[in-house]
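What follows is one structure encoded as structure tokens, with my remarks underneath.
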Amino acid sequence: MTAVRLEAFAKVNLSLVVLGRRTDGFHELDTVFQTVDLADTLSFEPAPELALTIDADLPVDDGNLVIRAARALAAEAGIVPGAAIRLEKRIPWGAGLGGGSADAAATLLGLTALWGVSVPGRRLLSIAAALGSDVPFFLYGGCARGTGRGERIEPMPDPPGVAIVLLVPPFGLATPDVYRRLRAPALTAGEGPTNLLGSGPGPAPDRNDLEPAAESVRPEVRAIRESLRSAGAVRARLSGSGSAVFGIFDDAGSAQEALSRLGGLPDGTRALVVSPVGREAFGARAVPAAIRDGWKGNWGVDKW
Ligand code: C5P
């Protein structure tokens with residue numbers, strides 16, 4: 001067993017359509033995820049017991065998805081979980097950037113390799129889905145469509161190169177609060193994913209249906225979005241349920257220039273320029289070599 005070190009990339013939702021509230025309390029979505037080069041780092045080393053250390057003030061017990069992911073994988077493989085896991089936290093939490101979900105997926109990938117266990121791709125995906133709606137996406141990375149709760153993933157081609165400005169306000173938003181505030185109508189029987197994205201790689205609709213709800217909880221979010229638009233973003237959207245907002249620019253130069261034009265941001269808002277992480281780069285940096293073949297084959301599931 002040799003140590004494994006992985007990057008866990010953040011995501012933005014290029015588009016997020018809410019189709020309605022389901023009887024299980026979740027919302028039926030049609031969303032497009034994209035990994036970006038803002039990442040936590042996780043390292044996994046052999047150890048007799050499970051132990052997590054984090055360079056930030058976050059839970060290191062079952063309150064952390066990393067520990068829950070490790071236990072779920074060990075239960076699936078029928079082994080006693082043992083690993084020393086170190087998490088270097090760079091992705092802001094409560095921001096809609098998927099940090100906790102990315103860490104959970106990285107744990108499934110890292111420990112599958114460290115423990116040398118063989119878990120069928122479909123099982124890995126269903127363990128991921130049980131941990132959280134966004135977790136399965138992070139077993140694919142790159143650009144992908146998510147339907148159902150967001151957990152049914154279809155990889156999409158990498159979009160053309162762009163630069164992304166991320167604005168992270170000094171407050172987070174709790175996902176359940178935002179969905180509750182949405183007061184979405186119940187899903188009507190038989191309603192499936194929209195065809196908004198068509199069958200080809202066409203552009204994702206410029207839309208995040210969670211914005212009105214998030215902006216009613218925190219009106220500052222709207223001001224941040226408008227500031228990005230005035231600074232020239234071709235698209236400025238909330239990521240997931242927020243609180244982070246992202247703006248798309250044609251290249252890194254115009255993204256950098258836009259930073260100096262941003263005004264009216266709440267005190268303490270952090271701004272950074274990131275780029276999309278495509279499929280190949282994700283595979284090389286976020287997936288252990290020992291299980292990369294399974295990843296390349298989309299875990300045996302690339303259409304729902
Ligand atoms: O799946 P996850 O644990 O990330 O979801 C957190 C909360 O977000 C859920 O308990 C639910 O309130 C809300 N949610 C939802 N519909 C989704 C995803 C999340 O209502 N598709």
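Not measured: the values here are computed from a predicted model. One-based numbering, in listed order, for ligands and for the atoms of each.
- Which of T175, V18, L182 comes nearest to atom 8 (O) of ligand 1 through a heavy atom is settled by distance: it is T175.
- Those atoms of ligand 1 with a heavy atom of L29 less than 4.0 angstrom away are 21 (N).
- For the residue pair T147 / D30, no side-chain donor-acceptor distance below 3.5 Å is found, with atom types taken as modelled.
- The pair R225-E215 counts as a salt bridge, with a side-chain nitrogen and a carboxylate oxygen less than 4.0 angstrom apart.
- Residues K89 and D55 are not paired through a salt bridge, judged by the lack of any N-O separation under 4.0 Å between the basic side chain and the carboxylate.
- In summary, the atoms of ligand 1 found under 4.0 Å from a heavy atom of G132, numbered by their order in the structure, are 1 (O).
- Side chains of R86 and S43: no donor on one and acceptor on the other come within 3.5 Å.
- Atom CZ of R292 is surrounded by more than 12 heavy atoms from other residues, nucleotides or ligands within 6.0 Å.
- Tracing side-chain contacts under 4.5 Å through hydrophobic residues (I, L, V, M, F, W, Y), one never reaches F26 starting from L19; they form parts of separate clusters.
- Scanning the protein heavy atoms around atom 7 (C) of ligand 1, the nearest turns out to be P176 CG, 4.0 Å.
- For Y179, every heavy-atom contact with ligand 1 shorter than 4.0 Å involves the side chain, none the backbone.
- Within the 4.0 Å heavy-atom shell around ligand 1 one does not find D134.
- Summary of contacts: the protein heavy atom closest to atom 4 (O) of ligand 1 is S133 N, 3.8 Å.
- For ligand 1 and G25, the ligand atoms under 4.0 Å from any heavy atom of the residue are 20 (O).
- Closest to atom 9 (C) of ligand 1 among all protein heavy atoms lies F26 CE2, 3.7 Å.
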Inset, instruction - I would like to know whether R237 and D206 meet salt bridge (charged side-chain N to carboxylate O under 4.0 Å, His left out); could you show each step before the answer? - result: CA-CA 8 Å; R237 290 275 159 240; D206 185 4; 2.8 Å; yes
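- Distances from atom 16 (N) of ligand 1 to the heavy atoms of R180, H27, R22 show the closest one on H27.
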